[in-house]
Amino acid sequence: MQRCRVKSIVTSQLKTNCLTGKRLLICENLESGSHEESVAVDLIGVGVGSNVLVSRKWAMSDPGDYCDEYIVAIIDDNSQNEN
């Protein structure tokens, strides 16, 4: 999984069947330092500006699913415990 920030919503008149009813969001990778952007399927209903976890291994039930990235969680707190 990777940490990303949602930058914007992708609009589309036509989508493949596996994307019907799902939003597509442009996400910026927060880990690479290169401002790399990708499109991810929103599975949980996040908003623009949210910090999220994006998975590349989400299992969809549709065998015709061709998506590479899925938003699976909103990051509420990114602090690290130090001992």
Side-chain angles (χ1 to χ4, degrees):
M1 282 196 248
Q2 59 189 8
R3 294 179 309 121
C4 295
R5 178 172 293 117
V6 177
K7 294 192 72 176
S8 63
I9 299 169
V10 176
T11 58
S12 173
Q13 289 183 344
L14 294 173
K15 296 179 185 179
T16 185
N17 287 339
C18 67
L19 295 177
T20 301
K22 295 179 179 68
R23 288 193 320 161
L24 301 176
L25 303 174
I26 295 177
C27 298
E28 179 181 8
N29 188 328
L30 297 175
E31 296 176 352
S32 68
S34 65
H35 303 287
E36 175 185 336
E37 294 181 350
S38 61
V39 176
V41 177
D42 182 8
L43 297 178
I44 59 175
V46 303
V48 173
S50 297
N51 289 339
V52 295
L53 287 178
V54 174
S55 173
R56 291 188 174 164
K57 296 190 181 216
W58 182 262
M60 296 297 283
S61 58
D62 185 351
D65 182 10
Y66 300 106
C67 303
D68 294 326
E69 296 186 346
Y70 302 91
I71 297 172
V72 296
I74 298 172
I75 299 172
D76 293 325
D77 183 10
N78 195 34
S79 63
Q80 297 179 357
N81 294 331
E82 295 182 23
N83 294 329

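Predicted model only: the values in this text are computed from it and were never measured. The chain is numbered in sequence order, starting from 1.
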Gap separating the OG atom of Ser38 from the CG atom of Leu24, nearest 0.5 angstrom:
11.5 Å
Distance-only side-chain donor-acceptor flag, Asn29 / Gln2, under 3.5 Å:
yes
Ile9: which residues meet the side-chain contact (heavy atoms from CB on, under 4.5 Å) condition with it, sequence neighbours left out?
Arg23, Leu25, Val48
Which heavy atom of Cys4 sits nearest a heavy atom of Val54, and at what distance?
SG-CG2, 3.7 Å
Give, for atom OG of Ser55 and atom CG of Asp68, the distance between the pair rounded to the nearest 0.5 Å.
11.0 Å
For a side-chain contact (heavy atoms from CB on, under 4.5 Å) check, start with the C-alpha distance between Val41 and Leu19, then their side-chain angles and the critical distance, and finish with the verdict.
CA-CA 8 Å; Val41 177; Leu19 295 177; 3.7 Å; yes
Pairs touching residues 6-15 that satisfy side chain to side chain donor-acceptor pair (under 3.5 Å), sequence neighbours left out:
Lys7-Glu37
For Val46 and Asp42, the nearest pair of non-hydrogen atoms, with its separation, is N-OD2, 3.0 Å
Going by side-chain contact (heavy atoms from CB on, under 4.5 Å), name the residues that satisfy it together with Leu30, two or more places apart in sequence or in a different chain.
Arg3, Arg5, Asn51
Side-chain contact, heavy-atom cut-off 4.5 Å: Ile74 with Leu53?
no
Would you call Val72 and Ile44 a side-chain contact if the rule is heavy atoms closer than 4.5 Å?
no
Between Val10 and Ile26, does a side-chain contact (heavy atoms from CB on, under 4.5 Å) hold up when you go through it step by step?
CA-CA 7 Å; Val10 176; Ile26 295 177; 3.6 Å; yes
Reported CD-to-CE distance for the pair Glu69 and Met1, which is rounded to 0.5 angstrom
12.5 Å
